[in-house]
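Letters A, B, ... mirror the listed sequences (proteins, then strands); counts begin at 1. No hydrogens, no waters, no symmetry mates; every other heavy atom, side chains included, goes into these values.
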Amino acid sequence: MSRRRFNPDRDVAEWQGPSVRYDLLKEVSVAFAVVLVLAIVFAIVFSSPDERAITLQSWSKAAPVDFVQTAMTELDGTSGTATYGPPYTSTPGASQKLGPLSLESLVGVHIPLDTAQQFVISPLRTLPDVPVLDRAIAEYQSAPAPRKAAWNTAYEKAVAKATFSAGTLEVPGGAYGPVGTMMSHLLDMARTGALDGALTATPQLYGTDYTKPLLFIADGAYMGNVASNRHLLGEQWGMMNETGNYPGQAWLWLYTLWYQVPPMNSSSNGDVEVWGIMMGLTVLLALAPFIPGLRSVPRLTRVYRLIWRRHYRAVET
Amino acid sequence: MPTIMSAPAVTAVLVDLSRPGRYVHWGFIQISVANLVVIGLMLLVFILAIAIPFPHGGKK
Amino acid sequence: MSTISDAPMEPAGQVGYRPDTRPTWTGRLRRRAVATLPPEKLLPDSQPSYVASWIYVFGALTLGAFGVVLASGAVLAVKGPDWWHVSSAGLFVNSVHLWGTELFFFFMVIHLWGKFFMAAWRGRRRATWITGVLAFAISIATAFTGYLSQQNFDSEWIGTQAKDGINATGAGAFWNVLDFGQMLLWHVLLLPLVVAVMVGIHVLLVRRRGVVPPFPAKGADR
């Protein structure tokens, strides 16, 4: 094998010079102690944030009209979740693309969700015998599609003008058939906390999967408003922020940055574009030692002259 | 809180960071003061780590 | 029942016994390991004289912070996910875990900057650099699953926002950020294990190749 020409950005002449005393174990031990003390001091001085989660119950109590309006979009299949595309639904044209490639569609629907059934009708069926509700559900389910659609539209129109006072939802009258009964029961169910239970219920005793309630809550306006007040929205660089005045995941600054600049800030494929960029940049960082130009930056910036100034002073005089 | 050495005393928040966050807006850049402080400190510590002479270094 | 012979068994090492000297997997591994990383390289008590800057302590500080994060995380795991929400001692341990994480990234990023400006990949140290970058990337994922495991407003907001990014890559189908149980197990077991292995390889590579020498001095022919 022929020897390659010496490249200062790739090769070194291994050190033949003097050594100095060094204690690896002591250095690591002292470092651990220092960080432990710092972390304990910060913990005592600053504590850590723990803002109560939003539940379907707290949401439907704080913003009952928003809850019912959102629940209606789950029933008629127009909510964000119902039209999401993979991995939740097979909504055509909903998946993000990187050029011609849609990784989402390639992988397909792995967490299938039918929001009308799973977010509205099935939970209502778990309520103990309420004849008027049972009749409403039966009527709704057996109705032909055009009639269902007409009820849905009528209720959407009415609920847009709904108010809530003294524990009662006031929806203007309209030809929405059984939908009004279903929705008012769903609201009651949510306000008692039973809907949270119904959406996390599993055949086992303990449910640990919060996909359904979280998607439902995120479809409403309430959670976004709470987040916006805390400066957590995506367009507010929210990804790297924390509730309150705590530092957040500042190391996500570059990931967050790409969401703020064109074309990603307005693209319907923004997420996959940002991920593509970040994966590319991570590979670039990992392979920096191989990339001509990039690997010369340290030599050309000459910061190393400062770091090793004692060494250079010694060998250059 | 006058309690001494109880758990609540240990975790007493001396500086309350749970109040609404403060943010700096600079063109399209928005950053929380807390994150700005962290990033600023990182740069400062980096510069100091290079600038401050390292003690000892006697030849072996 | 058959009769048991009372004749003594032939002891090893006696006349006629030939020791089996074929190489064993274990022996090969030991010889290889010691040749690659002799004890004085693995646990050095001297360093080249150019190692004289505070910038060199940030690797050890990152390791120290990793230790604090693992220890405080172990306490949180022992007590279970609900504990820190309802107990002030729990909140304190959670705070140590959070600030340990902030310090971990703080020191790791300074370590990264320092190593970049020293071009620490020179002289067959590229694998050291790559494992360091991988450890950084996997640490981000680990911290992220921690944020998702908080069971508070922060975690549900992060989850509902981040799902779009993860789903867009296709990974969301298998790695569901809205599934608390799944994210918690990734956070307390799988990802820390990967970080620990990656950091371990990284540190062993540093020990094997040593600290990168300075760029050639002015006037030096090489």
Enquirer: In Å and rounded to the nearest 0.5 Å, what is the CZ to OG1 distance from C:Phe180 to A:Thr200?
Expert: 12.5 Å
Enquirer: Check whether any side-chain heavy atom of C:Thr169 sits under 4.5 Å from a side-chain heavy atom of A:Trp275, and report yes or no.
Expert: yes
Enquirer: As an exercise, state the distance from CG of A:Asp50 to CG of C:Asn94, rounded to the nearest 0.5 Å.
Expert: 7.0 Å
Enquirer: If you round to the nearest 0.5 Å, how far is CD of A:Gln249 from CD1 of C:Ile140?
Expert: 9.0 Å
Enquirer: Looking at chain C, which one of A:Leu306, A:Val315, A:Val272, A:Ile217 has the largest number of heavy-atom pairs inside 4.5 Å, strictly under?
Expert: A:Val272
Enquirer: For residues C:Gln150 and A:Pro49, report the shortest heavy-atom separation together with the two atoms involved.
Expert: OE1-O, 4.3 Å
Enquirer: Give me the atom names and distance for the closest heavy-atom approach of C:Leu98 to A:Ser48.
Expert: CD2-CB, 3.8 Å
Enquirer: Quick check on C:Asn176 against chain A: is it the side chain, the backbone, both or neither that has a heavy atom closer than 4.5 Å?
Expert: side chain
Enquirer: Please name all residues satisfying side chain to side chain contact (heavy atoms under 4.5 Å, CB included) with A:Thr301, sequence neighbours left out, ordered by chain then number.
Expert: A:Val297, A:Val303, C:Phe117
Enquirer: Of the backbone (N, CA, C, O) and the side chain (C-beta and beyond), which part of C:Ile130 lies under 4.5 Å from a heavy atom of chain A, both, or neither?
Expert: both
Enquirer: Between atom CZ of A:Arg295 and atom CZ of C:Phe116, what is the distance when rounded to the nearest 0.5 Å?
Expert: 12.5 Å
Enquirer: Can you say whether C:Ile166 sits under 4.5 Å from chain A via the side chain, the backbone, both, or neither, judging by heavy atoms?
Expert: both
Enquirer: Please round to the nearest 0.5 Å and tell me the distance separating atom CZ of C:Phe106 and atom CG of A:Leu38.
Expert: 9.5 Å
Enquirer: Pick whichever of C:Val109, C:Ile55, C:Val57 has the most heavy-atom pairs under 4.5 Å with chain A.
Expert: C:Val57
Enquirer: Go through A:Pro247, A:Ala250, A:Gly17, A:Gly238 and name the one with the most non-hydrogen pairs under 4.5 angstrom from chain C.
Expert: A:Pro247
Enquirer: Is A:Tyr22 close to C:Val51 at the side-chain level, that is, under 4.5 Å between some pair of heavy atoms?
Expert: no
Enquirer: With heavy-atom distances below 4.5 Å as the criterion, would you say the side chains of A:Arg52 and C:Asn152 are in contact?
Expert: no
Enquirer: For C:Glu102 and A:Gly248, work out which heavy atoms get closest and say how close.
Expert: OE2-O, 2.8 Å
Enquirer: Kindly give the heavy-atom pair with the smallest separation between C:Ala217 and A:Glu316, and that separation in Å.
Expert: CB-OE2, 3.4 Å
Enquirer: Based on non-hydrogen pairs under 4.5 Å, which of C:Ser53, C:Ala162, C:Pro213 is most in contact with chain A?
Expert: C:Pro213
Enquirer: Any chance you could lay out the side chain to side chain contact (heavy atoms under 4.5 Å, CB included) test for C:Trp157 and A:Leu232, step after step, and finish with the verdict?
Expert: CA-CA 8 Å; C:Trp157 176 253; A:Leu232 297 176; 3.4 Å; yes
Enquirer: Does any N or O in the side chain of C:Gln182 come within less than 3.5 Å of the main-chain N or O of A:Asp209, such that one atom is a donor and the other an acceptor?
Expert: no
Enquirer: Any heavy-atom pair between the side chains of C:Asn167 and A:Pro87 that's under 4.5 Å?
Expert: yes
Enquirer: Of the backbone (N, CA, C, O) and the side chain (C-beta and beyond), which part of C:Trp129 lies under 4.5 Å from a heavy atom of chain A, both, or neither?
Expert: side chain
Enquirer: Identify which part of C:Phe66 has an atom lying under 4.5 Å from any heavy atom of chain A, answering side chain, backbone, both or neither.
Expert: neither
Enquirer: Heavy atoms only: give me the nearest A:Val20-C:Pro48 pair and the separation to one decimal.
Expert: CG2-O, 3.9 Å
Enquirer: According to the interplanar angle, ranging from 0 to 90°, do the rings of A:His311 and C:Tyr50 count as parallel (below 30°), tilted (30 to 60°) or perpendicular (above 60°)?
Expert: perpendicular
Enquirer: Please flag which part of C:Thr160 lies under 4.5 Å from any non-hydrogen atom of chain A: side chain, backbone, both or neither.
Expert: side chain
Enquirer: Atom CG of C:Leu185 and atom OG1 of A:Thr208: how far apart are they, to the nearest 0.5 Å?
Expert: 7.5 Å
Enquirer: Name the orientation class of the two ring planes belonging to C:Phe215 and A:Trp308 (parallel below 30°, tilted from 30 to 60°, perpendicular beyond 60°).
Expert: perpendicular
Enquirer: For residues 113-122 of chain C, which residue pairs qualify under side-chain hydrogen bond (donor to acceptor under 3.5 Å, both in side chains), counting only residues two or more places apart or in two chains?
Expert: none
Enquirer: Please rank A:Leu106, A:Leu215, A:Val41, A:Asp23 by heavy-atom pairs under 4.5 Å with chain C and give me the top one.
Expert: A:Leu215
Enquirer: By number, which residues in residues 70-86 of chain C have some heavy atom less than 4.5 Å away from chain A?
Expert: C:Trp84, C:His85
Enquirer: Would you say that A:Glu242 contacts C:Tyr147 through its side chain, given a criterion of any heavy-atom pair below 4.5 Å between the two side chains?
Expert: yes
Enquirer: If contact means a heavy atom pair closer than 4.5 Å, which residues of residues 192-203 of chain C contact chain A?
Expert: none
Enquirer: Could you give me the CA-CA distance, side-chain angles and deciding distance for A:Val12 and C:Arg125, then say whether side chain to side chain contact (heavy atoms under 4.5 Å, CB included) is met?
Expert: CA-CA 10 Å; A:Val12 291; C:Arg125 291 174 179 83; 3.8 Å; yes
Enquirer: Does A:Glu104 pair with C:Lys163 as a salt bridge, N-O distance under 4.0 Å?
Expert: no
Enquirer: Got a donor-acceptor contact below 3.5 angstrom from the C:Trp99 side chain to the A:Ser47 backbone?
Expert: yes
Enquirer: Under 4.5 Å heavy-atom distance to chain A, tell me which part of C:Val133 shows up: side chain, backbone, both or neither.
Expert: side chain
Enquirer: Does any part of the side chain of A:Leu25, heavy atoms only, come nearer than 4.5 Å to the side chain of C:Leu43, both counted from C-beta?
Expert: no
Enquirer: Sort out for me which of A:Leu252, A:Val226, A:Val34, A:Leu214 touches chain C most, counting heavy-atom pairs under 4.5 Å.
Expert: A:Leu214
Enquirer: Just give me the residue among C:Gly172, C:Pro44, C:Gly67 that pairs up with chain A most often, heavy atom to heavy atom, under 4.5 Å.
Expert: C:Pro44
Enquirer: For A:Arg21, does its backbone N or O pair with a side-chain atom of C:Gln47 as donor and acceptor, under 3.5 Å?
Expert: no
Enquirer: Please flag which part of C:Val96 lies under 4.5 Å from any non-hydrogen atom of chain A: side chain, backbone, both or neither.
Expert: both
Enquirer: So which of C:Gly165, C:Ala171, C:Ala143, C:Gly181 has the biggest tally of heavy-atom pairs under 4.5 Å with chain A?
Expert: C:Gly165
Enquirer: Within a strict 4.5 Å, meaning less than it, do heavy atoms of the C:Leu61 and A:Val35 side chains meet?
Expert: yes
Enquirer: Between A:Gly234 and C:Gln161, which heavy-atom pair has the shortest distance, and what is it?
Expert: N-OE1, 4.1 Å
Enquirer: Does C:Glu156 form a side chain to side chain contact (heavy atoms under 4.5 Å, CB included) with A:Ile54? I'd like the steps, not just the answer.
Expert: CA-CA 8 Å; C:Glu156 63 183 351; A:Ile54 296 175; 3.2 Å; yes
Enquirer: Between A:Pro289, A:Ser95, A:Gly207, who has the most heavy-atom pairs with chain C when the cutoff is under 4.5 Å?
Expert: A:Pro289
Enquirer: Is there side-chain contact between A:Glu51 and C:Asp154, with heavy atoms separated by less than 4.5 Å?
Expert: no
Enquirer: For C:Val177, which atoms come within 4.5 Å of any heavy atom of chain A: side chain, backbone, both, or neither?
Expert: neither
Enquirer: Could you tell me which portion of C:Val212 (side chain, backbone, both or neither) has an atom closer than 4.5 angstrom to a non-hydrogen atom of chain A?
Expert: both
Enquirer: If you tally heavy-atom pairs under 4.5 Å against chain C, which of A:Phe290, A:Trp251, A:Tyr259, A:Tyr84 wins?
Expert: A:Trp251
Enquirer: Considering only heavy atoms, which portion of C:Phe104 lies under 4.5 Å from any heavy atom of chain A: side chain, backbone, both, or neither?
Expert: neither
